Amino acid sequence: VVTGIGASAAALAVTQTATTTASASATSQTGGFFGRIKDFLRGGSEELVEEVVSERDTGKKEEKEEDREKPSGLFGFTVHELGIGIFSAVLFGIAYVWADTQSFSNAWAYIVAAGIAVIGHEFAHNVMAYRYNIDAKFEVWASGIGLVLLTSYLFGNVFATPGRSVLDVENVEKRVEGLIYLMGPLVNILIAIVLVPFASVSGSLGLIATVGIPMNLLIAIYNLLPVSPMDGTSIKNWHLSVWLLFFVPTFAVYFWQYLL
């Protein structure tokens with residue numbers, strides 16, 4: 001009897017073990033099936049998200065490139081940048097009239113000269129930047145506006161501009177960065193040289209030339225200063241001899257003609 005009971009108990013234990021094993025196997029298979037579905041959905045959703053993000057970033061990049069490629073119809077600036085250029089020219093010109101203690105009846109000549117100087121300077125930066133596929137943006141410079149007003153009042157001269165070009169040169173080699181920043185002061189020096197023959201001419205052209213020569217020389221000088229954020233910092237870091245070649249003669253001419 002005992003033996004029979006023992007055999008029955010053993011058989012029952014085997015049956016329970018088999019049932020448990022089968023149940024665990026079924027659960028494992030069910031879990032594996034749903035796990036594969038879960039992994040599939042997760043992988044698909046991640047790929048979908050990556051694709052959407054990639055398309056969004058590509059779209060933003062294309063929109064940005066399109067915005068930069070839109071011609072303003074003048075000097076290669078966007079309409080917004082051209083508006084900033086006009087604002088900079090007007091404010092710079094008026095500050096220069098104030099600094100020179102001249103009659104505001106001649107303010108138009110100062111504004112025209114300032115427009116040529118400021119827009120010419122920033123245009124040179126932008127052209128060289130685009131040549132090397134570097135993003136450039138002309139924007140209002142709040143600190144520059146303060147310096148324009150402050151220096152014109154305290155020193156009788158203007159040592160800043162209300163606008164400036166912001167260039168993406170973080171990963172650019174020093175030579176390219178130096179060339180881009182050199183173009184602005186170089187254009188101002190060239191404008192001053194071109195205006196020299198007209199300074200002796202009477203009338204409006206002579207007035208613009210007389211105002212424009214020292215204005216362009218001064219813009220070139222303070223932009224060539226090797227102090228951040230001036231252009232001279234990048235030029236000097238790139239090539240000391242190039243910086244000296246442009247800064248020393250320009251400063252000497254200005255000092256000799258307008259400060260002595």
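Only heavy atoms go into these numbers, but all of them, side chains included; no hydrogens, no water, no symmetry mates. Note that this is a predicted model, so its numbers are computed, not measured.
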Tell me, which pairs form a ring pair (Phe, Tyr, Trp, His ring centres under 6.0 Å) where one or both residues lie in residues 159-217, sequence neighbours left out?
His125-Tyr181
Distance-minimising heavy-atom pair for Ala95 and Ser152:
O-CB, 3.5 Å
Roughly how far apart are Ile208 CD1 and Met215 CE, rounded to 0.5 Å?
10.5 Å
Examine Ile219 and Leu259 and state if one hydrophobic cluster contains both, with Ile, Leu, Val, Met, Phe, Trp and Tyr joined whenever side-chain heavy atoms are less than 4.5 Å apart.
yes
Of all heavy-atom pairs linking Leu91 and Val148, the shortest is O-CG1, 4.5 Å
d(Phe138 CZ, His121 NE2) to nearest 0.5 Å is 9.0 Å
Within-4.5 Å side-chain heavy-atom neighbours: Thr151 and Asn157:
no
Apply ring pair (Phe, Tyr, Trp, His ring centres under 6.0 Å) to Tyr258 and list each qualifying residue two or more places apart in sequence or on a separate chain.
Tyr254
Is there a path of hydrophobic side-chain contacts, each under 4.5 Å between heavy atoms of I, L, V, M, F, W or Y residues, that connects Val211 with Leu205?
no
Looking only at heavy atoms, the pair that brings Ala107 and Val97 closest together is CA-CG2, 3.8 Å
Using the rule that two of Ile, Leu, Val, Met, Phe, Trp, Tyr join whenever any of their side-chain heavy atoms come within less than 4.5 Å, decide whether Trp256 and Ile221 are in one cluster.
yes
Are Met230 and Tyr222 packed together at the side-chain level, in the sense that at least one heavy-atom pair is separated by less than 4.5 angstrom?
yes
Expected output: side-chain Glu122 to main-chain Ser165 donor-acceptor under 3.5 Å
yes
What distance do Leu225 atom CG and Phe251 atom CZ have between them, rounded to the nearest 0.5 Å?
9.0 Å
Transitive ILVMFWY side-chain link Val172 to Val166, under 4.5 Å:
no
Could you give the distance from CH2 (Trp238) to CZ (Arg175), rounded to the nearest 0.5 Å?
7.5 Å
